[in-house]
Amino acid sequence: MSQKVEKLIDKKGLRLDGRKPDELRPIKIEVGVLANADGSAYIQQGKNKILAAVYGPRELHPKHLALPDRTVLRCRYHMAPFSVQERKSPAPSRREIELSKVIREALEPSLFLEYYPRTAIDVFIEVLQADGGTRCASITAASLALADAGIPMRDLVVACAAGKVDDTIVLDLMDTEDKKGNADVPVALMPNLNAITLLQMDGNLSLEEFEKAVNLAIDGCKKIYAMQKEALRAKYVNIKEVEE
Ligand code: UDP
């Protein structure tokens, strides 16, 4: 089927939004943005705007779901109806249920679940505006919200995708690149432990391209990790300044 394909990389090797292949979108992260949650964080990554709120450890209801030897981490990824161009139904879609599961599985290895038997830790993720790569930005924000809630962890979890568009391996795909490109590889990492907690692939890549994409995503994760730590530090510097 012949179809006119839009160029995703121009003659200068730049992407639709002017980025170089290995460049992240502009990122802004803030910690402790919600007064009524135990922990919270907000991330803007390009046009993505995502809030994460954490409650717990707290009593789990219904009680029969409680586990005698560890806490139950519950995660809800939700897209606001106005977060995408075509109104999204507020009811949970299959995609949101799947993303809630993969985000929970990406966060779990960072936590000491056995510290809080018979309790629950709840993570609520609200995507206010989406432009590709929301699962990764959600993980980055949710891990910070968990840290903000004072929940002990082995390391922060940070996530970033890499992929292939127009035969070029690129970092941090936005929606158009995600939809019109050849492949998308989201990666979540605990950088201090050098442990990957999420690895997915949508599309087709050769083994060589896959390795290149994973390494590029890991580089992106490490850059965002520095911003994550800075955002966490900034909250406590602010508190100290207010006290003084
Ligand atoms: N998207 C959309 N409507 C939907 C779900 C997703 O327009 O109901 C867009 C949104 O911009 C999202 C992108 O499709 O970020 C890519 O979605 P994907 O399932 O690949 O997850 P993500 O890349 O956000 O982790």
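Only a predicted model underlies this, so the values are computations on that prediction, with no experimental measurement involved. One-based numbering, in listed order, for ligands and for the atoms of each. Computed from heavy atoms alone, side chains included, the values below leave out hydrogens, waters and symmetry copies.
Remark: ligand 1 and Gly133 share an N or O pair separated by less than 3.5 Å (distance only, no angle test). Taking only nitrogen or oxygen atoms, main chain and side chain alike, Arg135 reaches within less than 3.5 Å of ligand 1. Ligand 1 has no N or O atom lying under 3.5 Å from any N or O atom of Tyr77, backbone or side chain. Considering backbone and side-chain atoms alike, Asp178 places an N or O below 3.5 Å from some N or O of ligand 1. Distances between N or O atoms of Gly132 and those of ligand 1 include at least one value under 3.5 Å. An N or O contact shorter than 3.5 Å is missing between Asp184 and ligand 1 by distance.
In this model, a donor atom of one side chain and an acceptor atom of the other lie less than 3.5 Å apart for Asp172 and Gln45. With no hydrogens or angles considered, a side-chain donor-acceptor pair links Thr134 and Tyr77 at under 3.5 Å.
The minimum heavy-atom distance between Leu171 and Arg19, with the atom names listed, is O-NH1, 3.4 Å. The shortest non-hydrogen separation linking Ala145 to Ala52 is CB-O, 3.8 Å. Considering every non-hydrogen atom in both Pro152 and Leu111, the closest pair reads O-CD2, 4.0 Å.
Here the heavy atom of the protein found nearest to atom 19 (O) of ligand 1 is Arg95 NE, 2.7 Å. With hydrogens left out, the protein atom closest to atom 8 (O) of ligand 1 is Lys88 CD, 4.1 Å, a heavy atom. Among all non-hydrogen protein atoms, the one lying nearest atom 13 (C) of ligand 1 is Asp175 OD1, 3.2 Å. Nearest protein heavy-atom contact of atom 1 (N) of ligand 1 is Val84 CG1, 3.8 Å. Ranking the protein heavy atoms by distance from atom 9 (C) of ligand 1 puts Lys179 NZ, 3.4 Å first. Atom 24 (O) of ligand 1 has Thr134 OG1, 2.5 Å as its closest protein atom, hydrogens excluded (heavy atom only).
The line from CG of Asp22 to OG1 of Thr168 is 11.5 Å long, rounded to the nearest 0.5 Å.
Side chain of Ser40 to backbone of Val33: a donor-acceptor contact under 3.5 angstrom is found. Not a single donor-acceptor pair under 3.5 Å links the side chain of Asn182 to the backbone N or O of Gly203.
Not close to ligand 1: Gln85, with no non-hydrogen atom less than 4.0 angstrom away.
Residue Ala130 approaches ligand 1 through these ligand atoms, each under 4.0 Å from one of its heavy atoms: 10 (C), 11 (O), 15 (O).
Salt-bridge check for Arg58 with Asp122: passed, with a basic side-chain N closer than 4.0 Å to an acidic carboxylate O. Look at Arg95 and Glu98 and you find no salt bridge, because none of the NZ, NE, NH1 or NH2 atoms lies under 4.0 Å from a carboxylate O.
No part of Leu173 comes within 4.0 Å of ligand 1, judged by heavy-atom distances.
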